[in-house]
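Everything below concerns the one structure shown next.
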Amino acid sequence: MTLNWDSEFTQLYDRCNESMRFTAFLMCGNWHEAEDVLQSAFLKLYLAGPKLTDHSGIEGYLQQILVRTFIAERRRVRWRREKLTDALPDSLFVAPGAEDGLVVWEALSSMPARQRAVLVLRYWNDLSVEDVATALGCSTGTVKSQSSKGLQTLRHKLGPEFDPSRLGT
Amino acid sequence: MDHEDKLRTTFSVLRGEVPPPNANSAFGVITRGRAVRSRRRTIAVAGSAVATAGVTALALAFLPDTSSPPPVPGPPLPTSTTTTSGVRTTPKGVPERQDSPPVTTTGQVTTNTTG
């Protein structure tokens, strides 16, 4: 049983690692935190795996663990307030036309964790409102309101003069 | 809807960026998972041992002392003496006949003597 689960877990890790890593990066805003959150999520899945009766929807379950781990981590970080580090923040958008993307990225970074998670799941992972609600453990009404607030924040930060066509590289 | 497109475009541009190399692997997660399981098992065994010892200590401290001598049976009671009075077989108010059967009493027979 353990050996079967180990091999199944290895296959799942190889299959999902890249996409989940990028989703974690979009939510966290930096690669270091994304790595930590992703590893915690994979570890939780590995420990819970033998207890699961049905492994058919395991990728969705992993996504759910990832989002909840991210929100829990953000809640803990809020209590820690500040964290001293000697590492410089990740540099983004080295491609031409990077400034506009940076503006969107900064607007996204300033949002609360839940709003940010909703926007990433809705507009990157293309999940339905119901699936996002399941992943976040909240009602569909909350997802809709968080999504609306997130877009409103984005609209407020970007302003009317922002040109989305300049983002393409 | 325009801002949703902006978001999607931004995410797509970010996806095109080359991410830093991934230092983690499935083997690392499995190793950590086994260590966590082992630690949890150790904590569970130690915790149950401590709980058992605690309950035993509390029981020894608070339960009554059982090392006292066993109770001695008391002295035998004196035998009881029963006294019974005679029971009339004829109801009250009925005149007693001469040839009436003798009055029987419990454990005692009396004979009616005339003369």
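Keep in mind the model is a prediction, meaning the values are calculated, not measured. In what follows, chains are A, B, ... by sequence order, proteins preceding strands, each numbered from 1.
For B:Val36, the part lying under 4.5 angstrom from a heavy atom of chain A is the side chain only. Interface remark: A:Leu119 contributes backbone and side-chain atoms alike to the contact with chain B (heavy atom separation under 4.5 Å). Only the side chain of A:Arg21 comes within less than 4.5 Å of a heavy atom of chain B; its backbone N, CA, C and O stay farther away. Only the side chain of A:Leu26 comes within less than 4.5 Å of a heavy atom of chain B; its backbone N, CA, C and O stay farther away.
A single hydrophobic cluster is seen to contain both A:Leu52 and A:Leu66, as judged by linkage of ILVMFWY side chains at heavy-atom distances under 4.5 Å, directly or through other members.
Between the side chain of B:Ser38 and the backbone N or O of B:Arg34 there is no donor-acceptor pair closer than 3.5 Å.
When all heavy atoms are compared, the tightest approach of A:Cys28 to A:Arg116 is C-NH2, 3.7 Å.
Among residues at least two apart or in separate chains, side chain to side chain donor-acceptor pair (under 3.5 Å) pairs with a member in residues 58-71 of chain A are A:Arg15-A:Glu59, A:Lys44-A:Thr69.
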